[in-house]
Amino acid sequence: MEEILLDLGKNLLRSLVFYLPKNLSEYLDEEGKGLWEEHANKLVLIENNGANYFVEDKLACHHIMSKSMLLSDNLFKLMELKGDIKEESLGYLLKKYGQQVEGCVLMSQWFLDNWQRDIPEITKDQQRAIAFQLKSFKEHFEEFKSHFGNYVLEKNDINELRREAIERWKEQLVQIKAPIVVPALPQKEPEKVTKNDERKQRLDKVKERAMKNAKEQILTQIFKVNFRKDTTDIPN
């Protein structure tokens, strides 16, 4: 099952633009900190064939045009697996993949909202590449939910996770007194008083685990973060 997830994950990372936010270097061990800061806030392109390099003044958007095709290929693979593996294994696979895609949506949105502060020198073509990437991930996530909606979080739960993730990023950036553009989000519904405290606690734990998984996906698979040995929790 992990091999299938790895194969699907490769298509999430192919035809991808991203950059390493400089402020995350404080969470690295000493060995990785210097290398991270040396290459931080520089746009990186991963081509369809896996080749990767700093974009600098090169064109990027035409490489990202194949993103939708790669994501559609993932969807076809998942649909083919429906009749080939047990329901329990399929559920595990779809939930994990859904978390990976949600992480890609969150980070692509973050890149789009913050490139002006971190890498204002990028070209119009590179800006379009970031925007098209976000559009591709969003459309893929919606299509994924239309086929496997019963395996992903409810809409309100996803909004809550997104809100929490952005607020955590915002708190971190405020610490270095950097401006941030926070995307508009649905208003948070007021908490309802319920007698069933035990059920609420279980739901809170589920959301906490899902948020941790999403951040692990972002920081380890996209940013390749190696945490210090004394770090026990994913940074907020």
Side-chain angles (χ1 to χ4, degrees), residues 6 9-61 63-64 67 99-134 136-137 162 165-183 211-231 233-236:
L6 180 62
K10 289 178 181 178
N11 277 356
L12 294 180
L13 297 179
R14 289 187 180 118
S15 298
L16 185 83
V17 285
F18 69 96
Y19 67 91
L20 310 175
K22 188 173 183 178
N23 63 293
L24 281 181
S25 65
E26 65 183 275
Y27 297 111
L28 301 181
D29 53 28
E30 288 303 317
E31 182 179 355
K33 192 171 184 177
L35 184 62
W36 180 286
E37 291 182 343
E38 180 183 352
H39 300 306
N41 292 354
K42 297 178 182 178
L43 195 66
V44 178
L45 171 67
I46 303 177
E47 292 187 2
N48 195 338
N49 61 7
N52 58 89
Y53 48 84
F54 293 111
V55 181
E56 297 177 338
D57 59 349
K58 303 179 185 69
L59 295 176
C61 196
H63 289 288
I64 308 304
K67 193 70 191 177
Q99 290 172 353
Q100 291 180 1
V101 177
E102 177 69 2
C104 290
V105 172
L106 285 170
M107 287 313 303
S108 295
Q109 182 71 65
W110 195 89
F111 294 145
L112 185 65
D113 293 332
N114 291 280
W115 67 262
Q116 288 180 305
R117 183 202 65 232
D118 294 332
I119 42 175
E121 68 277 7
I122 66 173
T123 66
K124 293 289 185 182
D125 173 83
Q126 294 161 9
Q127 295 169 32
R128 286 194 292 270
I130 295 173
F132 185 80
Q133 175 172 288
L134 173 61
S136 298
F137 276 129
R162 183 180 293 110
I166 292 174
E167 285 302 315
R168 289 170 190 266
W169 282 96
K170 181 180 178 182
E171 289 171 7
Q172 178 57 41
L173 289 167
V174 166
Q175 291 179 13
I176 59 172
K177 299 181 179 180
I180 183 172
V181 179
V182 180
M211 191 66 246
K212 183 176 180 180
N213 288 336
K215 287 190 288 186
E216 286 177 345
Q217 176 68 22
I218 292 168
L219 295 173
T220 59
Q221 292 201 17
I222 296 180
F223 293 131
K224 305 299 182 185
V225 171
N226 293 316
F227 296 108
R228 298 189 304 269
K229 292 182 179 180
D230 60 344
T231 302
D233 295 321
I234 300 302
N236 294 333

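Note that the numbering runs from 1 along the sequence shown for the chain.
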Legend entry - Aromatic ring proximity Y19/H39, centre distance under 6.0 Å: no

Inset, instruction - Taking all non-hydrogen atoms of both residues into account, name the closest pair between D118 and P120 and its distance. - result: C-CD, 3.5 Å

Inset, instruction - Mind checking side-chain hydrogen bond (donor to acceptor under 3.5 Å, both in side chains) for N11 and listing every partner two or more places apart, or none if nothing turns up? - result: R14, D73, N74

Legend entry - Closest non-hydrogen atom pair, Q126 against V55: NE2-CG1, 3.2 Å

Inset, instruction - With rounding to the nearest 0.5 Å, note down the distance linking CD in E102 to CE in M107. - result: 12.5 Å

Legend entry - Heavy-atom check, side chain of N114 versus side chain of R117, under 4.5 Å: yes

Inset, instruction - For K58 and L45, indicate whether the former's side chain and the latter's backbone hold a donor-acceptor pair under 3.5 Å. - result: no

Inset, instruction - For L12 and F137, work out which heavy atoms get closest and say how close. - result: O-CZ, 3.5 Å

Legend entry - Partner set under side-chain contact (heavy atoms from CB on, under 4.5 Å) for D125, not counting sequence neighbours: L59, A60, C61, T123, R128

Legend entry - Side-chain heavy-atom pair I122, Q127 within 4.5 angstrom cut-off: yes

Legend entry - Side chain to side chain, V44 and V17, heavy atoms closer than 4.5 Å: no

Inset, instruction - Identify which one of I46, L13, I130 satisfies the side chain to side chain contact (heavy atoms under 4.5 Å, CB included) criterion when paired with F18. - result: I46

Legend entry - Interatomic distance, I119 atom CD1 to F111 atom CZ [nearest 0.5 angstrom]: 8.5 Å

Inset, instruction - Please tell me if the side chains of L16 and N52 come closer than 4.5 Å, counting only heavy atoms from C-beta onward. - result: no

Legend entry - NZ (K22) with more than 12 external heavy atoms under 6.0 Å: no

Legend entry - Any donor-acceptor N/O pair, Q133 side chain to L112 backbone, under 3.5 Å: no

Legend entry - Interatomic distance, K67 atom NZ to S108 atom OG [nearest 0.5 angstrom]: 8.0 Å

Legend entry - Closest non-hydrogen atom pair, N41 against P21: OD1-CA, 3.7 Å

